[in-house]
Every structure is written in C-alpha cells, then in structure tokens.
Protein chains: 2
Amino acid sequence: MASAKRDHLIDTALRLFGRDGYHAVGIDRVIAEAGVARMTLYNHFKSKDELILAVLHRRDERFRNSFMRQVERAAPDPKGRILATFDALDTWFASDDFTGCMFINAAAEYSDKNDPIHRTAREHKDLVVDYLRDLASKAGAADPDGLAAGLALLTEGAIVLAHVAGHKDAARKAKKAAEVLIRDAGL
Amino acid sequence: MASAKRDHLIDTALRLFGRDGYHAVGIDRVIAEAGVARMTLYNHFKSKDELILAVLHRRDERFRNSFMRQVERAAPDPKGRILATFDALDTWFASDDFTGCMFINAAAEYSDKNDPIHRTAREHKDLVVDYLRDLASKAGAADPDGLAAGLALLTEGAIVLAHVAGHKDAARKAKKAAEVLIRDAGL
DNA sequence: GACAATATAGACTGATCTGTCTATTTTTAT
DNA sequence: ATAAAAATAGACAGATCAGTCTATATTGTC
C-alpha cells in the first residue's frame with residue numbers, strides 16, 4: 001500500500017488541491033507536477049475521488065501530528081493549551097501558503113452530505129470539537145460541552161475570516177473572545 | 001441592463017452554483033435549467049466569471065433585504081438585534097436548501113486574493129462585520145470593535161459547523177457564546 | 001542473473017468545458 | 001406597420017476532463 005510514488009502523489013495533490021481547489025485541478029496537472037506516469041496514479045488510486053480522500057486523510061494526520069503537537073508543546077496544562085490553540089492558528093494564518101482549511105473547502109465543493117469527501121470533512125471537524133471538549137473537560141470547565149462548542153465556533157470563524165476576508169488578526173481576536181468564554185466557564 | 005432573461009439567468013445560476021459549486025456547474029447546465037439560448041447568456045455576461053460575480057452581488061443584495069430586515073423586524077433595540085442575528089442564522093441553517101455560505105464557498109474555489117470573485121466574497125464578509133460593529137456601537141458596548149469581532153467569529157464559525165459538520169444547533173450554541181461576550185462588553 | 005513487480009510514455013475514448021459565430025425568429029417600441 | 005433589438009437553435013472550435021489500454025522499460029528481490 002505505502003510506496004514512495006504514492007506518497008509523492010498525495011503530497012503533490014495536497015498542495016495543488018489546497019491552493020486551487022478540487023475541481024479546478026485535473027489529474028493531468030497532478031501527474032505533471034509529480035513527474036509520474038498516468039497509470040502510476042491509477043494503480044495507486046481507483047479514481048480522482050479516492051485521491052482526494054487520501055489527501056484529506058493525510059491532511060488530517062498532519063493536523064494531529066503538527067497542530068496538536070504544537071499546542072501540547074506550548075503549554076502543559078489544559079487551560080494553557082486551549083489558549084495555545086489560537087497561537088497555533090495565528091502561526092498557520094501567517095504562513096505564505098495559507099489558503100484556508102482544506103476540509104471547509106472540500107465541503108464547499110462537495111455539498112452532498114453523503115459524499116465520502118463531505119463525510120471526511122465532517123469527521124475532521126468533529127475531531128476538532130472532540131479535542132477542544134477534552135481540553136475543556138480536563139481544565140475543569142463547568143460545562144465542557146458548552147465551552148468546547150464556543151471555542152470551536154471561534155476557531156472555525158477565525159479560519160473563515162482569515163481566509164475569506166484576509167483578516168490577519170483573526171486568531172488574536174478569537175483568542176481574546178476565548179478568554180472571555182473561559183473565564184465564564186469558571187476557569 | 002436589467003431584463004427578465006438576465007434576472008432569470010442569475011437566479012438559476014445562483015441556485016446551481018449554491019448547491020453544486022462554481023467549477024462543477026457548467027454554462028450548459030445553467031442555460032438548460034434556465035431554458036435560455038446560449039447566446040442570451042453571453043449577451044448579458046461577458047464570461048462565466050461575470051455571471052458568478054452577478055450571482056454574488058445578487059446574493060449580497062438578498063442578504064441585505066432579507067437577513068438584515070429579518071433581524072430588524074425581530075427587535076427594535078441594538079442588543080436585541082445582535083441576539084436576533086443568531087435566530088436568523090438558525091432559521092437559515094434549518095432550511096432544506098442550506099448549502100453553506102456562497103461567499104465562503106466562492107473563496108474556497110477562487111483562492112487568489114486578487115481574483116474579483118474572491119474580492120467580492122471578502123467585501124461581503126466585511127459588510128457583515130461592519131453591520132455587527134454598528135449594532136455593537138449603538139448598543140453602547142465598551143469596545144465595539146472587539147465585540148463585533150467576537151460576534152463575527154461566532155457567526156462565521158456557526159455557518160461552517162452547520163454546513164461542514166452538520167451541527168444543527170450551531171446557531172443556538174453561537175447565541176449562548178454571544179450572550180457571554182455581550183455581558184462581558186458591559187451590556 | 002532471473003523473475004516479478006512497478007513504472008513508463010503515449011495513444012485513445014467519449015464526455016464536457018468555455019466561448020464564438022451564423023442565420024432565423026420573436027419581441028419590442030415607435 | 002415597420003424598423004430595431006433581443007432571443008433562438010445549433011454548429012463549431014479548441015481545450016480539458018477522467019479513465020482505459022498497451023507495449024516497453026525500469027526497478028527491486030531472491
């Protein structure tokens with residue numbers, strides 16, 4: 001299953017889909033940029049949709065191994081980690097190749113809720129909420145579900161305003177609002 | 001400029017682009033669904049991109065004449081109107097044809113910040129923030145900019161979680177968080 | 001070195017894409 | 001009624017789309 005070519009194809013497709021979208025990027029461009037033969041792609045993936053799914057899974061995996069780890073490195077305590085979440089967002093938004101969230105963008109292009117691509121996007125967002133709920137719970141919030149919901153709203157809102165509206169300070173604004181919610185939760 | 005055919009084309013395209021996305025919907029499908037000749041479309045719009053821009057402008061206009069008016073009808077005072085914003089969101093999310101925000105989705109497919117389509121999406125989001133800032137200011141918030149930013153984050157976050165994650169209660173959760181921010185702003 | 005697995009280039013299908021052109025018909029306004 | 005404007009159907013161009021097939025070449029493994 002795992003192979004160097006397959007890996008390289010996923011990485012290339014991730015970059016292209018992330019920048020230009022899923023429908024706008026054709027198979028031809030993926031294989032050209034990857035420097036790989038057409039049949040190599042189709043030997044590793046049954047279809048373009050399968051490639052997109054592999055891309056989203058890799059993105060999700062990177063989120064866990066990069067974003068989450070960054071938060072965990074930044075602070076030892078749950079409350080500190082909640083706040084560090086918004087610092088990590090800020091870093092992400094500031095990167096040159098920031099083109100929004102691949103899952104939000106995927107759901108935009110595949111609006112059918114039963115489409116595996118949309119479903120994968122949903123699963124990722126549920127993971128984010130679960131992560132925040134876990135932190136809220138460990139931090140001893142009065143209502144962990146409520147706090148997690150508020151934090152998730154601020155997180156997703158920040159991604160949208162940073163990408164769509166170009167608000168460079170979206171993460172910092174979100175952090176300030178998060179501090180209010182955290183205080184309200186008794187922390 | 002204005003004509004019945006042109007109007008009908010914009011409405012049809014709005015429905016199709018809104019449901020299936022911008023790249024996924026071709027000119028052929030727009031004219032077929034609109035029951036209009038090919039050249040009729042190209043006589044009214046120079047290109048597909050021009051049609052998309054017309055669609056976004058109509059969507060923005062409908063937002064002002066529908067969403068904003070709904071909020072203004074719901075409450076006479078600024079604070080009440082801020083809260084009514086989230087009720088209006090809730091109604092929107094509950095509609096059968098809810099497929100997310102056309103501006104967020106447009107920015108997803110046209111990530112180049114200088115693309116007129118992306119720019120139009122940005123302008124719409126700025127309008128939303130301006131509207132919330134006006135309400136926050138009139139309500140007498142200590143820091144209208146800060147409150148407006150927080151409310152905008154909750155608004156956009158709710159749209160994303162309702163669409164991508166299918167969270168039916170996103171608007172109500174956002175309203176609860178908004179109440180906390182409003183209280184913190186001294187209202 | 002031999003064998004099997006993997007990758008290669010590129011032709012090919014059939015569909016779809018945006019946009020142009022023409023020749024004819026319908027609508028509108030005077 | 002007549003002239004001008006708008007809409008029509010449909011062919012056409014040239015590009016691109018996803019996906020299949022084949023025949024050759026390059027790998028990696030024992």
Side-chain angles (χ1 to χ4, degrees), chain A residues 1-57 102 105-106 108-112 115-118 120, chain B residues 1-57 102 105-106 108-112 115-118 120:
Chain A
M1 204 58 175
S3 92
K5 296 278 178 191
R6 186 186 147 96
D7 257 30
H8 182 55
L9 273 167
I10 294 176
D11 277 342
T12 305
L14 191 142
R15 178 166 48 84
L16 296 175
F17 289 149
R19 196 207 301 138
D20 295 336
Y22 300 92
H23 284 93
V25 173
I27 292 296
D28 285 323
R29 220 163 113 229
V30 174
I31 61 175
E33 294 248 357
V36 143
R38 193 170 196 72
M39 278 311 293
T40 303
L41 189 150
Y42 280 103
N43 279 331
H44 285 294
F45 308 97
K46 282 193 291 191
S47 64
K48 185 186 181 181
D49 278 13
E50 294 270 331
L51 173 61
I52 293 173
L53 287 174
V55 163
L56 292 178
H57 284 128
M102 290 197 72
N105 296 353
E109 295 199 47
Y110 301 87
S111 67
D112 180 359
D115 190 306
I117 294 172
H118 192 107
T120 301
Chain B
M1 204 61 176
S3 92
K5 296 278 178 192
R6 188 187 145 95
D7 257 30
H8 181 55
L9 273 166
I10 294 176
D11 276 342
T12 305
L14 190 143
R15 179 167 47 86
L16 295 176
F17 289 150
R19 195 207 304 140
D20 293 338
Y22 301 92
H23 284 94
V25 173
I27 292 297
D28 286 322
R29 217 162 116 226
V30 175
I31 60 174
E33 294 248 356
V36 143
R38 192 171 197 71
M39 279 310 293
T40 303
L41 188 151
Y42 280 103
N43 280 333
H44 284 295
F45 308 97
K46 282 193 293 191
S47 64
K48 184 185 180 181
D49 278 14
E50 294 270 331
L51 173 61
I52 293 173
L53 287 173
V55 163
L56 292 178
H57 285 128
M102 288 197 73
N105 296 353
E109 294 198 47
Y110 301 87
S111 67
D112 180 359
D115 189 305
I117 294 172
H118 192 109
T120 301

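Every chain is numbered from 1, with letters handed out A, B, ... down the list of sequences.
- Between the B:T12 side chain and the B:V30 main chain, no donor and acceptor come within less than 3.5 Å of each other.
- At the heavy-atom level, B:D28 lies under 4.0 Å from base atoms of the strands shown.
- For C:dT8, one of the phosphate oxygens OP1 or OP2 lies less than 4.0 angstrom from a side-chain nitrogen or oxygen of A:K5.
- Side chain A:R38 to base C:dG10: no donor-acceptor pair is found below 3.5 Å.
- The side chain to side chain contact (heavy atoms under 4.5 Å, CB included) with B:F45 is formed by just one residue from the set B:I10, B:T40, B:L53; it is B:I10.
- With C:dA7, D:dA9, D:dA18 as the candidates, the nucleotide lying closest to the side chain of B:M39 is D:dA9.
- Which of C:dT20, D:dA18, D:dA7 sits closest to the side chain of A:I27 comes down to D:dA18.
- Atom CG in A:N43 sits roughly 18 Å away from atom P in D:dT26 (whole-Å rounding).
- Remark: the backbone N or O of A:M39 is paired with a side-chain donor or acceptor of A:N43 at under 3.5 angstrom.
- Taking atom NE2 on A:H23 and atom P on D:dA18, their separation rounds to 9 Å, with Å as the unit.
- Atom OH of A:Y110 is separated from atom CG of A:N105 by 12.0 Å, given to the nearest 0.5 angstrom.
- When rounded to the nearest whole Å, the span between CD of A:E50 and C1' of D:dA18 equals 14 Å.
- Taking atom NZ of residue A:K48 and atom C1' of nucleotide D:dT16, one finds them 11 Å apart after rounding to whole Å.
- Closest contact between the side chain of A:T40 and the listed nucleotides C:dG19, D:dG19, C:dT8 involves C:dT8.
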